[in-house]
Amino acid sequence: MTGATLSGIVPHLPALQVVVPLLAAPVCFLLRRGVICWGFATLVSWAAFATSLVLLQVVLADGTIRYEMGGWAAPWGIEYVIDATNAIVLVIVSGIGSAVMPYARRSVMAEIPANQHGLYYTAYLLCLAGLLGVTITGDAFNVFVFLEITSLSSYILVSAGAGMDRRALTAAYNYLVLGTVGATFFVIGVGLLYMVTGTLNIIDLSERVPALQHNRTVHVAFAFIVVGMGLKLALFPLHTWLPNAYTYAPSTGTAFLAATSTKVSVYVLLRFLFVVFAPSYGFMALTLDYVLLPLALIGMVAATVAAIYQYNIKRLLAYSSVAQIGYMVLGIAYGSVEGLTAAILHLFNHALMKGALFLALGCIMLRVGDVTMRGVQGLGRQMPWTMAAFVTGGLSLIGVPLTVGFISKWYLITAALDDGRWPIAAVILASSLLAIIYVWKIVEAAYLKEPPEGRVVREAPLSMLVPTWVLVLANIGFGINAEFTVGVARTAAMGLLGGAP
Amino acid sequence: MSDHPASPITPDRATGRFVRMLDWLVANPMRVIAGLAIVCGLLAVVDLLYEKHPSVPVEALPFFYPVFGFVIYALVIFGAKTLRLIIRRREDYYAPYSIDAETPNSHMTGEQR
Amino acid sequence: MRHHLVLRVVSKILIPFIILYGLYVQFHGDFSPGGGFQAGVIVAAAIILYALIFGIERARQVFKPEVLLVFAPLGVMIFALVGYAALALGGNYLDYDWLVANDTAGQHIGIITVEFGVGLTVAAVMTLIFLAYAGRTRDIDDEDW
Amino acid sequence: MLATIPPFLVYLIGAPLALLIPNGSLRSAFMCLVPVVGILLLLDIPYGDHLTTSIVGQSVTLLRVDSLSFVFGLIFNIAAFLALVFAWHVRDAMQQVSTLLYAGSAVGAVFCGDLISLFVFWEATAITSVFLIWATRTEGSYHTGMRYLIIQVGSGVILLSGVLIQASQTGSVAFDAMKLDGLGTGLIFLAFGIKCAFPLLHNWLQDSYPAATATGTVTLSAFTTKLAVYALARGFPGTEVLIYIGAVMTVFPIFFAAVENNLRKVLAYSLNNQLGFMVVGIGVGTPLALNGTAAHAFCHILYKAVLFMSMGAVLHRTGTTKASELGGLYRSMPITMVCCVIGAASISAFPLFSGFVSKSLIQSATADTGHWIVWLVLLFASVGVLEHSGIKIPYFTFFGHDSGIRCKEAPWNMVTAMVLTAALCVGIGVYPAPLYAILPFPVDYQPYTVAHVVTQLQMLLFALLAFVFLMRKGLYPAEFRATNLDFDWIYRRALPVIIRGLGLGIDTVWSRLIGGSRAMVSASIDAASRNFGPYGIVGRTVRVGNGVAWVAVLLLVTLLVGYSAD
């Protein structure tokens with residue numbers, strides 16, 4: 001391919017970002033054979049990652065990109081709009097995908113019946129396409145469509161764990177019911193907005209809603225969207241679908257979903273709250289202060305405490321995810337540039353942490369077949385690399401300096417202190433301290449206890465260790481040099497609060 | 001101490017001569033003391049011979065340094081003896097000997113050559 | 001069901017017309033209400049009727065699930081490939097204007113092709129869903145009608 | 001490119017690499033090579049800030065080389081080399097790794113240009129060094145190590161709090177001269193003070209150094225406290241309160257050292273007293289005084305090392321360093337004895353030995369700035385130094401009452417390390433020009449004047465005469481096995497007793513309170529596990545219907561909140 005054709009592609013990258021994985025899904029379905037599907041899905045993930053990186057670079061250099069699907073101009077057609085906020089989310093989603101995929105071959109072989117491999121990768125590609133679509137599109141209804149693609153395929157990803165544990169089916173069903181409720185709430189909200197504004201384009205909405213900010217219909221639409229997305233992003237106490245879904249899904253599915261799907265929902269919430277609506281509206285300011293902020297704080301503490309008592313480590317991490325979502329929502333609830341910066345930063349950083357942790361857990365699942373506290377006993381010596389990765393991820397989760405967790409917490413706390421909200425900073429610190437307990441529980445089991453009699457396990461294969469460590473090193477790398485991530489997050493936050501993207 | 005040989009180890013020739021010299025000095029402490037006294041006497045005399053440039057007033061006093069050294073040394077010793085009356089306790093005051101931080105066996109087993 | 005002669009005869013007559021009507025809806029997709037989704041559902045309705053009357057097993061023999069499983073993704077691919085074709089010819093994704101020299105003709109061709117893909121997928125998926133659920137129990141007994 | 005490799009990185013890479021080499025002379029040789037490379041790198045780095053990056057919006061400099069950090073960096077590398085030679089025979093991977101990492105952290109800390117990275121290395125020195133104490137592997141050393149770790153890490157935590165406050169007030173975390181005027185700088189000062197063993201904060205030093213291994217103490221003695229001296233010299237030069245703190249520091253350990261039986265503990269007290277001189281120099285803050293501090297730290301590391309080495313060698317051969325058990329060892333360990341005497345002469349500042357050329361800089365600076373009471377105190381302390389380090393250490397170990405111990409001379413590597421270090425002490429004493437050349441400020445000072453040599457000799461020799469006199473009269477305190485109380489009594493005895501007294505007190509109300517609060521704590525833990533555990537409200541699987549109910553509730557709440565807005 002010559003340079004000219006390459007540069008000719010660049011203007012179409014917004015479309016390709018979504019339609020390549022979307023087309024890849026049926027192709028993958030037709031390919032059928034597990035290993036071939038895996039290779040194909042890996043290539044597609046990498047292509048998507050490359051695309052998102054180029055998009056991010058273009059956005060940072062030239063500002064917002066708008067792409068008209070089918071050549072129809074914005075208010076009538078669907079347009080894709082990319083600014084710093086969703087460019088970074090695209091990078092997260094596709095980046096995690098491309099880290100998980102090389103890892104997936106061994107893990108999927110071990111955890112999923114052979115005849116379902118092709119379907120599993122197809123579902124993964126659909127999920128990837130859906131997540132990217134939700135993120136990239138500038139059309140409110142299109143968000144819903146992609147949200148459904150994501151949801152349906154992620155139910156499949158979760159239920160694929162049925163080969164290991166039948167409870168995956170009930171978990172997926174629970175997820176399906178609540179996920180559908182969430183998506184329906186969202187579409188009801190969008191429908192109400194359409195009713196009063198006559199447009200579905202997000203930019204148009206942002207121009208028309210201000211005049212209608214005292215309209216009751218808009219208030220109701222706002223409530224539906226907030227609750228619907230709150231459900232999707234597992235805001236405490238709407239998180240009830242999450243622990244089981246993450247626990248019983250296959251390792252790769254958990255790693256991918258945990259690191260991406262809630263993040264994308266957080267992004268949608270951000271986009272609607274701060275672009276379509278604005279913190280200056282009375283009803284939104286009240287909701288931020290009296291609904292989201294308390295729920296975020298309660299969630300941070302309650303879910304962390306719940307995590308402490310978990311015996312299954314996947315479930316433990318799932319609860320910790322709920323707590324971490326609390327941090328992001330907290331940043332959103334500040335409604336300030338600092339708060340949003342912290343939220344977006346944590347969105348990125350948490351994807352790295354949870355990705356690394358769940359991948360390390362997948363290695364344990366492969367070798368030991370048991371990810372409970374008993375399963376990790378003595379693994380510090382038997383699987384040193386895996387456990388080292390896990391511990392590093394755990395440190396990041398706590399927020400130890402030189403890891404990304406520290407950067408997130410630093411910004412969250414400074415954002416709280418900037419507003420003079422000392423008690424909130426104290427709660428953040430307290431929940432970090434509580435996080436030490438559950439991380440320590442695992443460290444203690446892995447390093448201070450002897451392995452169960454007669455259990456001999458080998459270190460995980462390189463194909464799984466390398467992706468895990470790539471994410472672990474990213475944790476440290478972006479923890480040491482946070483200039484780039486902080487810069488992007490700040491640009492994004494200012495873009496969100498500055499009105500139209 | 002288990003690895004102390006019963007008899008002195010025969011040192012090599014050079015250190016042997018040095019050790020014998022020290023043996024002689026230890027055996028004749030009065031000669032050492034006398035030597036020290038003579039040197040001190042000489043220094044006291046020198047104190048009168050050179051021109052002083054005191055940076056602190058007291059330095060100008062005759063025999064300031066010799067007297068200071070002698071008196072302060074005695075003061076330190078008596079001060080310490082007094083202090084000991086107050087602070088001295090049994091050796092196992094904080095912990096029994098069995099958990100003394102300086103239990104020697106680990107050092108001895110660590111020995112290689 | 002084999003004894004319900006009336007139903008069998010009427011269905012045999014109706015099913016071709018239902019499918020024909022489906023095709024009508026399909027090909028009107030580009031300039032009047034209708035299109036792939038509706039057409040796919042109508043065609044699937046015909047197939048489901050066939051299965052109800054003549055039994056799941058026979059329906060499976062006629063509309064082989066393996067083939068349907070190929071049709072479903074194929075439809076999606078047709079849709080996506082049209083988009084790529086527009087891209088390759090210099091337009092935006094799914095910009096039919098670029099498909100042929102004449103804009104209007106391009107729109108027609110583009111929409112019809114895309115709708116065809118949609119119809120294919122919808123019909124196949126609908127049928128598959130029905131066969132998957134219906135296959136989980138025995139056929140409906142005569143007494144239960 | 002080579003020029004900006006920070007020396008600490010060599011240690012950081014060297015430590016794991018060393019583990020790859022089979023345990024033996026080869027590994028020891030490799031480890032000795034690490035500081036050599038460190039020195040070569042250091043000589044190659046031009047003065048200035050390198051490796052500046054930014055973390056959480058603050059500028060961070062990992063490698064700031066200037067005349068002050070250069071002196072400390074150089075002597076740290078040299079000390080690491082000597083300590084590693086001294087520990088050549090050690091085959092304990094834990095000690096080997098922690099020695100390298102500890103030295104590396106100290107070297108790293110010296111070159112930090114900002115308080116954040118300083119904090120990181122500050123904590124690193126604490127965590128890496130404690131293994132040198134634990135390596136003794138006795139229960140006592142374990143407890144001592146824990147006390148040491150708590151205090152050292154505590155110092156780091158205080159430092160971090162200070163840095164955070166300072167950063168939020170001034171917006172900068174640059175590590176430059178500060179004024180002791182607020183909570184932030186106060187906390188930073190306190191953190192430095194703990195590591196520098198300020199009076200009443202000093203006990204960790206006497207507690208821990210005698211508990212480390214024979215070789216470990218040599219390593220410990222070089223870095224932690226001198227790092228604190230460097231930090232004070234960098235952060236608080238000319239802070240007047242330091243003069244008085246330093247003066248007290250020089251005096252009070254003398255008395256404790258004079259009656260202490262464990263000779264390594266005597267050295268720890270003497271270390272404290274020497275630090276006092278440096279702290280006074282920092283407090284005076286004139287170029288001459290700061291030069292004195294830097295020079296004294298440089299010389300001090302060397303002669304203190306040779307003293308700890310000789311005691312380490314004695315410990316290695318005899319298993320004890322208690323004065324009451326030793327004596328007459330000159331027959332068995334003559335070379336060790338000579339090195340020890342050289343170290344003793346250096347610390348006592350005899351002319352032609354290193355202490356003479358460095359301590360006098362500080363002494364002159366106090367006189368020049370008119371602090372003549374402090375000047376007298378330092379003079380007093382100088383006599384005290386002669387007492388415990390100059391006379392007591394060599395006399396009770398190698399002469400005095402013959403204990404009957406007959407052992408071998410120290411192993412060759414210990415002898416080599418001692419001889420090298422002793423040679424450096426004499427070399428600097430005889431020819432101080434190279435040392436003066438690398439000091440932070442230009443030096444215009446001549447230590448060898450007739451007056452200076454004569455007065456110093458008068459003072460020292462007459463003090464020696466007093467020793468002889470007291471010894472002959474039987475007035476010199478005899479050495480017993482004993483424990484002497486110090487300020488650590490407060491936290492090792494008084495606090496536990498008080499707490500126990502309160503806890504077990506007959507006051508029933510009090511015990512009810514304790515019991516009640518204990519019950520409350522356990523009840524809340526129980527409640528937490530009931531509600532948050534795998535079967536609790538929060539931790540268990542929630543039914544779909546209940547999940548949807550929550551959705552409804554939240555929708556209602558959100559709607560009501562929105563409704564109440566207008």
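Here the structure is a predicted model, which means the values were calculated and not measured. Letters go in sequence order (proteins before strands), and every chain restarts at 1. Hydrogens, waters and symmetry mates are skipped; everything else that's a heavy atom, side chains included, is used.
- Rounding to the nearest 0.5 Å gives a distance of 10.0 Å between CG of C:Leu52 and CG of C:Leu7.
- Using a 4.5 Å cut-off between heavy atoms, A:Val20 touches chain C through backbone and side chain atoms alike.
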Across chain A and chain C, what donor-acceptor pairs are shorter than 3.5 angstrom?
{"residue": "A:His12", "atom": "NE2", "partner": "C:Gly91", "partner atom": "O", "Å": "3.4"}
{"residue": "A:Val19", "atom": "O", "partner": "C:Tyr84", "partner atom": "OH", "Å": "3.2"}
{"residue": "A:Val20", "atom": "N", "partner": "C:Tyr84", "partner atom": "OH", "Å": "3.3"}
{"residue": "A:Tyr67", "atom": "OH", "partner": "C:Tyr93", "partner atom": "N", "Å": "2.6"}
{"residue": "A:Glu68", "atom": "O", "partner": "C:Asn92", "partner atom": "ND2", "Å": "2.7"}
{"residue": "A:Gly70", "atom": "N", "partner": "C:Tyr93", "partner atom": "O", "Å": "2.6"}

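- Between A:Trp38 and A:Val108 there is no side-chain heavy-atom pair separated by less than 4.5 Å.
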*side chain to side chain donor-acceptor pair (under 3.5 Å) evaluation trace for A:Ser151 with A:Tyr175*: CA-CA 9 Å; A:Ser151 307; A:Tyr175 184 15; 5.9 Å; no
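- Between A:Phe186 and A:Ala140 the shortest heavy-atom distance is CE2-O, 3.9 Å.
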Considering only distance and modelled atom types, tabulate donor-acceptor pairs under 3.5 Å from the side chains of residues 69-77 of chain C, sequence neighbours left out.
none

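- At a cut-off of 3.5 Å, with distance as the only test, a side-chain donor of A:Ser52 or A:Ser94 sits close to an acceptor on the other residue.
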